[in-house]
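To start, the structure itself, in structure tokens.
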Amino acid sequence: MPEDELIRPPGSPRISFLNSQFHRYLPDTSGLVRAACVFYLLHLLFQAKVAGLEIGAFFCLLCLGWAAARREMRLSFHILYFPLAVYGIASTTSALLASEQMKAFADGMLWFKMLIFPGAVILFRQVPRLRELAIVAYAVFAATIATYGLYEFFLLDRRDLENRITGPASHVMTLSGLLLPLALMFLFLWLHQRKWWQLTAGSLATITLLLTFTRSVWIGWTVAIVTLLIATRARLVFYALPLVIIFVTFLPLSLFGRLVSTFDTRQLSNFDRIRMVEAGVEMIKDRPLLGVGPANVKSTYSLYMRPDAPRPRPPHLHNNVVQIWAERGILALCAYLLLLGLFLRECIRGWHGPGRMWAEIGIAAAISLTVAGLFEFNFGDTEVFYLLLNLFALVVVSLERTRLSNEVPSGVVAGRTWGEPDVAALP
């Protein structure tokens with residue numbers, strides 16, 4: 001009798017159907033590996049809430065580690081592990097040697113957060129079908145939080161700067177940071193694959209992104225689109241410019257005013273960011289190697305602030321580069337820049353191959369979040385940090401698998417060592 005029949009409860013057609021679907025998408029995997037995949041998908045679906053996404057990540061990594069201990073899961077290496085490890089080491093060192101160590105233990109959670117990247121890479125490599133399920137989970141997630149935001153905007157009348165939409169997230173900046181790369185990902189997926197649900201998810205996310213009144217993500221989205229248009233379809237830039245002018249001209253007054261205020265240095269939030277960067281530079285001058293310590297910027301800001309700074313205790317400096325260097329030191333900043341550089345290198349390598357779609361998605365996600373991070377510390381937002389690592393994992397594995405599919409002859413299984421992708425498991 002087949003093994004599936006032994007574990008299928010008799011007289012339960014609904015369970016039998018779900019079981020068959022489960023085996024269809026996750027074939028030839030053990031129970032622990034399947035459990036890790038399920039918890040990983042739940043982790044993706046609940047990324048708007050810290051508790052939900054971290055519970056999903058914990059049980060995913062627990063099952064993954066258990067499966068590896070039982071030799072049901074092969075561990076593998078990727079070059080992006082290196083900058084993440086350096087970032088963790090630099091952060092821990094800064095926390096231990098900081099003058100204020102009250103939050104040093106809490107920063108140890110950073111190591112747990114970063115484990116989701118190798119966990120996702122290993123799962124995507126061993127269970128290729130999980131990538132398809134992850135894309136669907138992201139589509140559901142993006143459409144859900146975008147619809148929630150539209151509900152707040154149109155039905156709850158949350159349409160001004162003092163009462164902006166947040167969706168299921170805790171803050172409008174978190175909602176914006178989650179929507180930004182997902183909007184771009186599904187728009188590029190639709191451009192290549194033309195599936196209605198991709199366009200739906202991308203359109204909902206983009207419209208909601210506009211209605212958040214968050215200028216940093218507007219700039220990030222625009223720079224990513226323009227960069228890829230220049231790299232792929234340079235002529236379209238000349239046709240797109242008149243459309244952009246018309247679009248901006250007929251924007252609702254509230255959105256137009258918010259856009260124009262981006263260039264006004266006297267505007268309070270803009271002026272506050274300038275003063276934050278200036279204070280951050282002074283912190284860097286005092287402690288360039290180790291920074292003031294993770295989570296200590298808020299308590300030490302008053303020592304470096306200018307007298308006319310609007311806020312005496314901002315939670316962070318609203319700039320990834322300045323914040324990381326001032327808070328964690330030069331080594332952590334180098335690790336952050338190396339992470340971005342190595343990821344973009346992987347995307348550029350796949351630019352002219354069969355993985356062109358994923359190269360475009362990866363570059364769009366990296367550029368948009370990096371540019372937005374010049375005006376907001378999105379690398380320190382837990383939900384956005386998880387999303388960045390998960391998207392990076394999805395992109396790099398998709399790129400390497402399309403590259404291997406193109407290089408490995410049909411019917412040939414190459415030898416595999418620790419650190420190499422599983423060629424035998426290619427779909």
Side-chain angles (χ1 to χ4, degrees), residues 142 145-146 149-150 152-154 158-167 169-185 187 202-229 240-241 243-280 309-311 314-323 364-381 383-385 387-388:
I145 64 174
L150 294 175
E152 290 179 321
F153 187 88
F154 290 106
R158 301 181 65 171
R159 305 182 187 183
D160 55 70
L161 291 178
E162 302 301 323
N163 193 31
R164 289 193 278 175
I165 61 176
T166 62
S170 58
H171 195 275
V172 64
M173 300 304 298
T174 300
L175 176 66
S176 302
L178 292 172
L179 287 173
L180 175 59
L182 293 178
L184 291 166
M185 181 178 82
L187 289 178
S203 300
L204 284 172
T206 301
I207 293 170
T208 307
L209 199 65
L210 180 65
L211 299 179
T212 61
F213 291 93
T214 308
R215 297 168 298 181
S216 59
V217 298
W218 292 355
I219 297 172
W221 189 95
T222 303
V223 172
I225 291 292
V226 171
T227 301
L228 287 169
L229 278 179
L241 185 58
L243 294 177
V244 171
I245 294 174
I246 294 173
F247 174 76
V248 172
T249 302
F250 290 97
L251 273 176
L253 186 60
S254 57
L255 292 174
F256 181 80
R258 182 64 170 164
L259 179 62
V260 171
S261 70
T262 303
F263 310 99
D264 183 6
T265 57
R266 295 172 298 179
Q267 203 263 346
L268 185 62
S269 61
N270 295 346
F271 181 71
D272 194 20
R273 280 169 166 77
I274 294 172
R275 287 293 182 254
M276 289 179 193
V277 170
E278 292 173 343
R311 285 192 290 176
H316 50 75
L317 300 175
H318 286 76
N319 181 292
N320 283 341
V321 174
V322 176
Q323 174 74 23
I367 288 178
S368 63
L369 287 173
T370 301
V371 171
L374 297 176
F375 311 96
E376 176 66 25
F377 184 40
N378 55 17
F379 197 70
D381 191 328
E383 297 92 329
V384 179
F385 182 70
L387 178 64
L388 179 144

Okay, side chain of [X], backbone of [Y]: is any donor-acceptor separation there less than 3.5 Å?
| X | Y | answer |
| --- | --- | --- |
| R164 | V172 | no |
| N320 | T370 | no |
| T208 | A205 | no |
| T174 | S170 | no |
| T166 | H171 | no |

Cation-pi geometry met for R159 and F153 (6.0 Å, 45°):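 The answer is yes, since R159 meets both limits relative to F153.
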
If we only count heavy atoms from C-beta on, is the [X] to [Y] side-chain gap below 4.5 Å?
| X | Y | result |
| --- | --- | --- |
| L387 | L182 | yes |
| F379 | V321 | no |
| E376 | H316 | yes |
| V217 | L179 | no |
| M276 | Q323 | no |
| N270 | R215 | yes |
| F375 | I219 | yes |
| L180 | N378 | no |

If you measure from [atom1] on [X] to [atom2] on [Y], what distance do you get to the nearest 0.5 Å?
| X | Y | atom1 | atom2 | result |
| --- | --- | --- | --- | --- |
| L255 | L210 | CG | CG | 5.0 Å |
| L187 | S203 | CG | OG | 6.0 Å |
| L268 | R311 | CG | CZ | 8.5 Å |
| R158 | I165 | CZ | CD1 | 8.5 Å |
| Q267 | I274 | CD | CD1 | 10.5 Å |
| L209 | L184 | CG | CG | 8.0 Å |

Minimum heavy-atom distance between A183 and W221, given as atom pair plus value: CB-NE1, 4.4 Å

Closest contact, heavy atoms only, A364 versus A224: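 Heavy atoms of A364 and A224 come nearest at O-CB, 3.6 Å.
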
Qualifying residues under side-chain contact (heavy atoms from CB on, under 4.5 Å), relative to L374, sequence neighbours excluded: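 Applying side-chain contact (heavy atoms from CB on, under 4.5 Å) to L374 gives N319.
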
L317 vs V277, side chain to side chain contact (heavy atoms under 4.5 Å, CB included): CA-CA, chis, key distance, verdict: CA-CA 6 Å; L317 300 175; V277 170; over 6 Å; no

Step-by-step side-chain hydrogen bond (donor to acceptor under 3.5 Å, both in side chains) determination, R258 to T214: CA-CA 9 Å; R258 182 64 170 164; T214 308; over 6 Å; no

Full working for side chain to side chain contact (heavy atoms under 4.5 Å, CB included) between S216 and H318: CA-CA 10 Å; S216 59; H318 286 76; over 6 Å; no

Plane angle bin for W218 and F213 - parallel if under 30°, tilted between 30 and 60°, otherwise perpendicular: tilted

